[in-house]
Structures are given as C-alpha cells and as structure tokens.
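Below is one structure, written out as structure tokens; comments come after it.
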Amino acid sequence: MLGSGTVAQTLSAKLAALGHDVMLGTRDVAALMSRTELGFGQREPFAVWSQKHPQIKAGTFAEAAAHGELLINATAGNGSLEALARAGEANLNGKVLLDVSNPLDFSQGFPPFLSVVNQDSLGEQLQRAFPQVRVVKSLNIVAAAVMVEPRSLADGDHHMFMCGDDAEAKAAIRDLLTEGFGWRHVVDLGGITAARNMEMYVPLWLNLMGVLGTPMFSIKLVQ
Ligand SMILES: NC(=O)c1ccc[n+]([C@@H]2O[C@H](COP(=O)([O-])OP(=O)(O)OC[C@H]3O[C@@H](n4cnc5c(N)ncnc54)[C@H](OP(=O)(O)O)[C@@H]3O)[C@@H](O)[C@H]2O)c1
C-alpha cells in the first residue's frame, strides 16, 4: 500500500481482514507515527489507528513496494509520481499497481481543480513514468468506505469502472474488487487513456457530495 491516509487505511484494513499481509508505505515512518493532529474529517492520528491494526506494518514507500505482490497507489495526486519514485523501479517493475489516486489541486482552496485533464491523466502519467508497472485505474470515483463495502449501497447494485493496458492486471483487479470487496458490476473502460475520463468525473463527484450532504453514493448504469 503506497500511502497512509484515509484511503490507504481503509483499503489496508479490508485487505488484512481478507487475510492479506499488508504493509503501508509513507515518506517517513517516524514522522507518521509521531503525528498527533487529527486528519481530514476528524480522522484519528495514524499511531492511534495503527494500534488498532497491529497486523498492518508501516514502512517506507520502498519497503512497502518491495513487500507487496500487488501494489495500490493511495497517495495524494500531487505526490504520486514522487511516491512511486521513492518506491523505486526495482520494487515496482512487473507488478500490478491499482491506482486509486486523483490529481486534485487544493492550492486555491475547495473545491479543488484537476491538475491534469482532457488529453492526459495522472493514471497515464504514472504509466508513462513507470512503463514496466502494470497500472490499473479503479475505485477513484467513490469514497474510501464505498470502495471496500459497495454492498452498503443499494445492495451493491451499482457500477465500478476500471481501465489499463494490461489485460492480466485488469483481471487481477476485477477479482479483487468482486471476490474481495464485493463489487457486483465492474466495467472495463479500455486502455489507460480512459483514466482521464475516470478522473474528470471527480469534480462532479465533489459537486454531488455537497448537494447530497454525504460521500456515500455511487454510479449505476442503466441502458
Ligand atoms: N478520501 C477518499 O475518500 C478518496 C476517494 C477516492 C479517491 N481518493 C484519492 O486517493 C488518494 C489518497 O487519498 P487520502 O484522502 O487517503 O489521502 P491524501 O491526503 O490525499 O494522501 C495522503 C498520502 O499522500 C502522500 N503524499 C502527499 N504528498 C506527497 C509527496 N509529495 N510525495 C510522496 N507522497 C506524498 C502522503 O505521504 P506521507 O504518508 O508521507 O504523509 C500520504 O501517504 C488521493 O489521490 C485521493 O484523491 C480519495
């Protein structure tokens, strides 16, 4: 797991509950453990969360990437390229990387804007920078809690998208989403260029969260 925030914690806890051996990656383990401030949405400090999940180890991005057979990028979009660089190509190459990140720029406050858009995306930037990594974009279009408990909404009768250039990698992510997390419908949008479409939905998602007053919603496709 590359990342230590809400998404990384939520996905890690779910994966550990499913029996996986999970290591979280961060820039500086000691700094992460010593943080006392509450996170976004009054999230408890990492050390408090960590005490409740003693089976989930924390390491550097490189240690976490070396540990994992399957990797997840759950870092802030403006830090994802740096996080993967810190992880190191030797620890990344050949592995499947589920990219759940979004290229959100909060420099001008809320709502954030997309720092890459239209003819490019963060998913594509990661794939270009690390061509030996098998990037699959998915889960970035729902809140962390929905990622791992899709059946908490409409008994799971709603849709998740994914995209990527590697068919085997997408099959592995489809298995994780359906058999592991309980997604009933996973729609393959095609190659990694579709990441731009999945990321460009996020401003609408933020708009909807404000209107609905909750992040607990998803997309259902009807034909
Ligand atoms: N929150 C949600 O419900 C949700 C839903 C869908 C998608 N997403 C996406 O998922 C990703 C994670 O979101 P989040 O809310 O869990 O956490 P976040 O606050 O967006 O990201 C925290 C992580 O990003 C890392 N990071 C930040 N700047 C970095 C840099 N310059 N270099 C390397 N790493 C850096 C942090 O590293 P340290 O550990 O070293 O601090 C930390 O692990 C984001 O891209 C977000 O847009 C979030």
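Indexing begins at 1, ligand by ligand and atom by atom, following the structure's order.
A salt bridge is absent between Lys57 and Glu63; no separation between the charged side-chain nitrogens and carboxylate oxygens falls under 4.0 Å. Using a cut-off of 4.0 Å between Lys/Arg side-chain N and Asp/Glu carboxylate O, Glu124 and Arg196 are scored as salt-bridged.
Once rounded to the nearest 0.5 Å, the distance linking NZ of Lys170 with CE of Met162 reads 6.0 Å. Atom CG of Asn102 and atom OH of Tyr201 lie 11.0 Å apart (nearest 0.5 Å).
Within the structure, salt bridge (charged side-chain N to carboxylate O under 4.0 Å, His left out) contacts touching residues 26-42 (residues at least two apart or in different chains) do not occur.
Within 4.0 Å of ligand 1, protein heavy atoms belong to Gly3, Ser4, Gly5, Thr6, Val7, Thr26, Arg27, Arg35, Phe61, Ala74, Thr75, Ala76, Gly77, Gly79, Glu82, Ala83, Val100, Ser101, Asn102, Leu104, Asn140, Val142, Ala143, Ala144, Met147, listed by chain and number.
Taking the six-membered ring for Trp and the full ring otherwise, His159 and Trp183 have centroids separated by 6.0 Å or more.
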